[in-house]
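First comes the structure, then the notes that go with it.
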Amino acid sequence: MNAVYDPHAIETQAQEHWNEHDSFRASETDEGDKYYCLGMFPYPSGQLHMGHVRNYTLTDVINRYHRLKGFNVMQPMGWDAFGLPAENAAIKNGIPPASWTKDNIAYMRGQMQRLGFGIDWSREFATCDPEYYRWEQWLFLKLFEKGLVYRKNSVVNWDPVDQTVLANEQVENGRGWRSGAVVERREMAQWFMKITEYAEELREELDQMSGWPESVKSMQRNWIGRSQGVEIDFPINGGTDGQDTLTVFTTRPDTLLGATYVAVAAQHPLALLAAESDSDVSAFVEVCKKATTAEADLATMEKAGIATSATVTHPLTGESLPVWVANFVLMEYGSGAVMSVPGHDQRDWEFARKYDIPIVQVIEPIADEQCDITTAAFVEHGNVINSGEFDGLDFDGAVDAIARALEAKGAGRRVTNYRLRDWGVSRQRYWGCPIPMIHCEACGVVPVPEADLPVVLPTEVKFEGVQSPLVTMDSFLNVDCPSCGKVARRETDTFDTFVESSWYYARFACPDADTLMVDERARIWAPVDFYVGGIEHAILHLLYARFFYKLMRDENLVAGNEPFHKLLMLGMVLQGGKKMSKSSGDAGDPQKLLDRYGADAVRTAVIFAAPPDQSFEWSEAGLEGASRFLRKIWNLVDQFITAGPTPKFDRSKLSDGAQAVRRKAHETLKKADDDFGRRIQFNTVVSGVMELCNEIGKLKIVDDNDRGAIGEAIRIALIAISPIAPHIAHSLWSSLGETEALIDVRWPKVDESALQQTSVKMVVQVNGKVRGNIEVAADADKEHILGVAKAEHNVVKHIDGKEIVKEIVVPNKLVNVVVR
RNA sequence: GCCCAGGUGGUGAAAUUGGUAGACACGCUAGCUUCAGGUGCUAGUGAGCUUCGGCUCGUGGAGGUUCAAGUCCUCUCCUGGGCACCA
């Protein structure tokens, strides 16, 4: 072997070995239980950033560890290839999105190969391949047949200057990012998937998903947002046949008698009706149109509203309540109208204060809680007051009594409501999967016949302005109506790119399946055993993917109900305290780090920097240390080999020093196994191996028997570090004279006898403060330990002449003597 | 605004079940080696005090539970992620 660590030479060699032996080719028939750990596939933005390196290194570590444990591992890679950045590049540079994307993929694939990931490249695909996206078109048609897909109007951000729909990201302070024009809300017919049909299953199953972090399950639960309450009909005074009741949903029917007004969204039919005859209302509705569709903006904006001349009748008291139009009521949620109880809802309270609407108290506290509705709403549950026959009831009693009273009058009903809305999948963009629908003047909307799939997205396009080229492309647009045969127009909207990422993990099982979305191999590899990706995907992507898995299950394509058995949410790699983005420069580009330090050092540094679930600010500082550590291992093994081959050894005849190193080696092996397999914390594996190497380096070897034990310790260090730094481990392993390549080796067994200690060090505390250290026999009893502890000279100083109140002995850890 | 995380030395972090806070590294300081160095090695490195034995303080902040709290409870501040058309 070379005496100097040369990462580039050994990394090339190791990768050549793996390629020649097809080490990462996954086969359904290989021995061992299948294991499928997947990192969320990347958007091919140009080059890898450190977030990618971290994600796929972690995935590679987990998969390589499972290889060592004898599993049949499948590690694929693909490309989430549709999306906005490709269009932006096309608009800016005139390069068609398809070729831009292809070039990016080629470059990033090269970087991944350079990093030595154990990927089965035979399974690679990009979501912009028609052979891939044809199957989501196929599924969409199936769902259309089943009634799980429908079309309705929905609000988008409209840029009146560029005449285009904007993504929320493209709206900056209410203005279009390119034109600077004030963005408007505009209604458009869009395709929706009925994810709400699966809301209960998606919610309920979370309780069984023990492999998912509680935080993610909690976020999803809140997102689905099941709430039980009552739907109440308020008759509209002077209403017409078409519009004679206003329906609201509330989770607090116990406060119904405290309602002093009702509020509707600016897009609500009642608001639009009022706007026709009232110019002030009309002006307010216009102002509300000039707002983005983002919920965060709605929630933080100044609450505002306007009274209409309309009134409704309280279903129980018969009282007349005014109807207000308010900017904080969401048309998308519930019925787009709320009853307002300013005494017991803080937002209603602030609104009532602002507009001088009466505030009535109908709930009083049970215990000694603060309640003064002149200063704030009282939002806790309590007992009903000022509510006639319902007075004195507690929350449950009041909900029940009021619901029954409403039901008896036919003015309300108990319902379960979900916050989750159906998934709008239409995007008015070019670079996406065409929605397989046809618009015929005579027949209306007609699905593309299955035999005509895929509807291929034309890739030879010229961008003129910001509009999708499809809209003006006759060769794409014009099509014979499948129903009547007359000339019709294709749908020019494409799918939300979340559709592609909702099922790609199953396609990796069988990327070449050409007669089915996924074939029987998906029943072998799916579900994914371990899914790894950024915490920013905790809700949307993971919820849509779960939804799609159930859709595929219902088409008899996959086994089980959930796509991801275990889930690891990575913290973000930050830059300047923020999520890394393409625009933040090349500081995140790993290329120059790879060139300078090599793949193993980059991998080790990114693993050593922080535990996986923690966000961290990227810095190159760790590279130097990682590189130094690898050099240290190299030199250690080099010195060892120079002294000759590894002799056999008798574990009973080791020197004390060699015995201690051997114990450390087996401790490290045991801890690494636990860290890799159970704790999913790999930075401590690196530090563990560092400690082991430090101890090996310090030991003065006395004889050949000791040398045998050191040879064992070195091998343990190499195996333990191999998932993280596989190239150097591969190289040194063969330099040690091992004939089997490290990639084919199995994780060794811990020798429990090596872990045994004859004596243990313990800490002695007096009143919880450390006052000394003692060493006692490992099997010493409590009395003996206490005796030694109380004899320790510094302990004596602190207990002398005091009364001993309590003595606590925690075996192998500490003694605490409590004195007075 | 709502939901979910996180906050520990100069820096990245460790402390797994309530039991020695700061392992392992980076950086810095001093010394040695080499000497051209992006080299290697040794020692020191939380703050303050010290009679050099030790002592006091210390995990964003305030309170609490406990023999014992980074860890559990209550409140609070700050930072990050998500909020349905960025992926």
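When reading the values below, keep in mind they use all heavy atoms of this one structure, side chains included, and skip hydrogens, waters and symmetry mates. A, B, ... follow the sequence lines: proteins, then strands. Residue 1 opens every chain.
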What are the atom names and distances for every N/O pair under 3.5 Å that joins the protein to nucleotides 5-10 of chain B?
none

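The separation of B/G81 from B/G70, taken at their C1' atoms, amounts to 24 Å, rounded to a whole angstrom. Separating the C1' atom of B/A14 from that of B/U59 is a span of 12 Å, rounded to the nearest Å. Nucleotides B/C86 and B/U16 place their C1' atoms 37 Å apart, quoted to the nearest Å. The same atom, P, is picked in B/G9 and in B/U17; the two are 23 Å apart, to the nearest Å. Nucleotides B/A47 and B/C35 are separated by 37 Å at their P atoms, to the nearest Å. Rounded to a whole angstrom, the distance from the P atom of B/G63 to that of B/A87 is 49 Å. Atom P of B/G60 sits at a distance of 7 Å from the matching atom of B/G7, rounded to the whole Å. Of the P atoms belonging to B/A15 and B/C24, the separation is 14 Å, rounded to the nearest Å.
Between A/Thr497 and A/Phe82, the closest heavy-atom pair is CG2-O, 3.4 Å.
Using a 4.0 Å cut-off between charged side-chain N and carboxylate O, A/Asp496 and A/Arg427 make a salt bridge. Between A/Glu295 and A/Arg419 there is a salt bridge, since at least one side-chain N of the basic residue sits less than 4.0 Å from a carboxylate O of the acidic one. Residues A/Lys217 and A/Glu214 are paired through a salt bridge, judged by an N-O separation under 4.0 Å between the basic side chain and the carboxylate.
In this structure, B/G9 is classed as syn because its glycosidic torsion stays within 90° of zero. Classification of B/G82 as anti follows from a glycosidic angle more than 90° from 0.
Nucleotide B/A69 has no partner under the Watson-Crick or G-U criteria, as no pair reaches both atom distances under 3.5 Å. In this structure, B/U20 forms no base pair with any nucleotide, since neither Watson-Crick nor G-U wobble geometry is met with both distances under 3.5 Å. Of the nucleotides present, B/C41 is the one that pairs with B/G31 by Watson-Crick or G-U wobble criteria, both distances under 3.5 Å. Figure legend. B/U51 is base-paired to no nucleotide; pairs are counted as Watson-Crick or G-U wobble with both atom distances under 3.5 Å. Taking a pair to require two hydrogen-bonding distances under 3.5 Å in either a Watson-Crick or a G-U wobble arrangement, B/U59 remains unpaired. The pairing partner recorded for B/C85 is none, the criterion being a Watson-Crick or G-U wobble arrangement whose two distances lie under 3.5 angstrom. Judged by Watson-Crick or G-U wobble contacts below 3.5 Å, the nucleotide B/G80 has B/C4 as its partner.
Mapping A/Val763 and A/Thr300 onto RNA chain B via the closest heavy atom, the residue that lands nearer the 5' end is A/Thr300. Comparing A/Asn222 and A/Pro611 by the nucleotide of RNA chain B whose heavy atom lies nearest to each, the residue mapping closer to the 5' end is A/Asn222.
Sorted by first then second residue, the side-chain hydrogen bond (donor to acceptor under 3.5 Å, both in side chains) pairs that include residues 683-694 of chain A, not counting sequence neighbours, are A/Lys632-A/Asn694, A/Lys664-A/Glu691, A/Asp675-A/Thr684, A/Gln681-A/Thr684.
Here A/Tyr5 lies out of heavy-atom contact (under 4.0 Å) with every strand. When heavy atoms are screened at a 4.0 angstrom cut-off, A/Leu814 is found touching base atoms of the nucleic acid. Within 4.0 Å (heavy atoms only), A/Arg771 reaches sugar-phosphate atoms of the nucleic acid but no base atom. Counting non-hydrogen atoms under 4.0 angstrom, A/Asp674 reaches a base of the nucleic acid. Here A/Ala296 lies in heavy-atom contact (under 4.0 Å) with a base. Within the nucleic acid shown, A/Leu420 comes within 4.0 Å of at least one base atom, counting heavy atoms only. Among the heavy atoms of the strands, none lies under 4.0 Å from A/Phe629. Across all strands shown, A/Ser627 has no heavy atoms under 4.0 Å from either base or sugar-phosphate atoms. At a threshold of 4.0 angstrom between heavy atoms, the contacts of A/Val817 with the nucleic acid are absent. Using a 4.0 Å heavy-atom criterion, one finds that A/Ala294 contacts the sugar-phosphate atoms exclusively. Residue A/Val810 is in base contact, counting any heavy-atom pair closer than 4.0 Å across all strands shown. Base engagement by A/Val165 is indicated by at least one non-hydrogen atom pair under 4.0 Å involving a base atom. Nucleic acid contact for A/His537: base, since at least one base atom lies under 4.0 Å from a heavy atom of the residue. The residue A/Trp223 sits close to a base: some heavy atom pair falls under 4.0 Å.
The listed nucleotides are B/C41, B/A13, B/C57; the one nearest the side chain of A/Lys769 is B/C57. Nearest to the side chain of A/Glu624, among B/G27, B/C86, B/C85, sits B/G27. Closest approach to the A/Glu295 side chain among B/A25, B/C67, B/C83 is made by B/C83 (side chain taken as heavy atoms from C-beta onward). The side chain of A/Asn168 approaches B/A84 more closely than any other nucleotide in the set B/A84, B/G53, B/G12. Residue A/Asn773 has its side chain nearest to B/U20 when only B/U20, B/A23, B/G81 are considered. For A/Phe608, counting side-chain heavy atoms from C-beta on, the closest listed nucleotide (B/A15, B/A68, B/A25) is B/A25. With B/C85, B/C26, B/A87 as the choices, the nucleotide that has an atom nearest any side-chain atom of A/Leu84 turns out to be B/A87. Listed nucleotides B/C85, B/U20, B/C41 differ in distance to A/Gln765; the shortest reach to its side chain belongs to B/U20. Residue A/Met219 places its side chain closer to B/G81 than to any other of B/A87, B/G81, B/G19. For A/Asn683, taking side-chain heavy atoms from C-beta onward, the closest of the listed nucleotides B/C67, B/G40, B/A14 is B/A14.
Using the six-membered ring where Trp is involved, A/Phe547 and A/Tyr198 have ring planes that are perpendicular, over 60° apart on the 30 and 60° scheme.
When atom types are taken as modelled, the side chain of A/Asn767 and the backbone of A/Val819 share a donor-acceptor pair closer than 3.5 angstrom. Under the 3.5 Å distance criterion, the side-chain polar atoms of A/Ser627 are left unmatched by any main-chain donor or acceptor of A/Leu623. Side chain of A/Arg347 to backbone of A/Ser340: no donor-acceptor contact under 3.5 angstrom is found.
Rounding to the nearest 0.5 angstrom, the gap separating the CZ atom in A/Arg820 from the CD atom in A/Glu803 is 4.5 Å.
Between A/Phe351 and A/Phe328, a ring centre-to-centre spacing shorter than 6.0 Å is recorded. Between A/Trp79 and A/Tyr504, a ring centre-to-centre spacing not shorter than 6.0 Å is recorded.
Taking 4.0 angstrom as the limit, A/Thr497 places a side-chain polar atom (N or O) nearer than this to OP1 or OP2 of B/A87. In terms of phosphate contacts, A/Lys806 brings a side-chain nitrogen or oxygen within less than 4.0 Å of OP1 or OP2 of B/C67. Remark: A/Asn816 is not in phosphate contact with B/U66, judged by side-chain N or O atoms under 4.0 Å from OP1 or OP2. For A/Gln170 and B/A87, the shortest distance from a side-chain N or O to OP1 or OP2 is not below 4.0 Å.
Residue A/Gln428 places a side-chain atom within donor-acceptor reach of the base of B/C85, judged by atom type and a 3.5 Å distance cut-off alone. With hydrogens and angles ignored, no donor-acceptor pair under 3.5 angstrom links the side chain of A/Glu536 to the base of B/C4. Residue A/Arg678 places a side-chain atom within donor-acceptor reach of the base of B/U16, judged by atom type and a 3.5 Å distance cut-off alone. Checked by distance alone, A/Lys671 brings a side-chain donor or acceptor within 3.5 Å of a matching partner on the base of B/U16.
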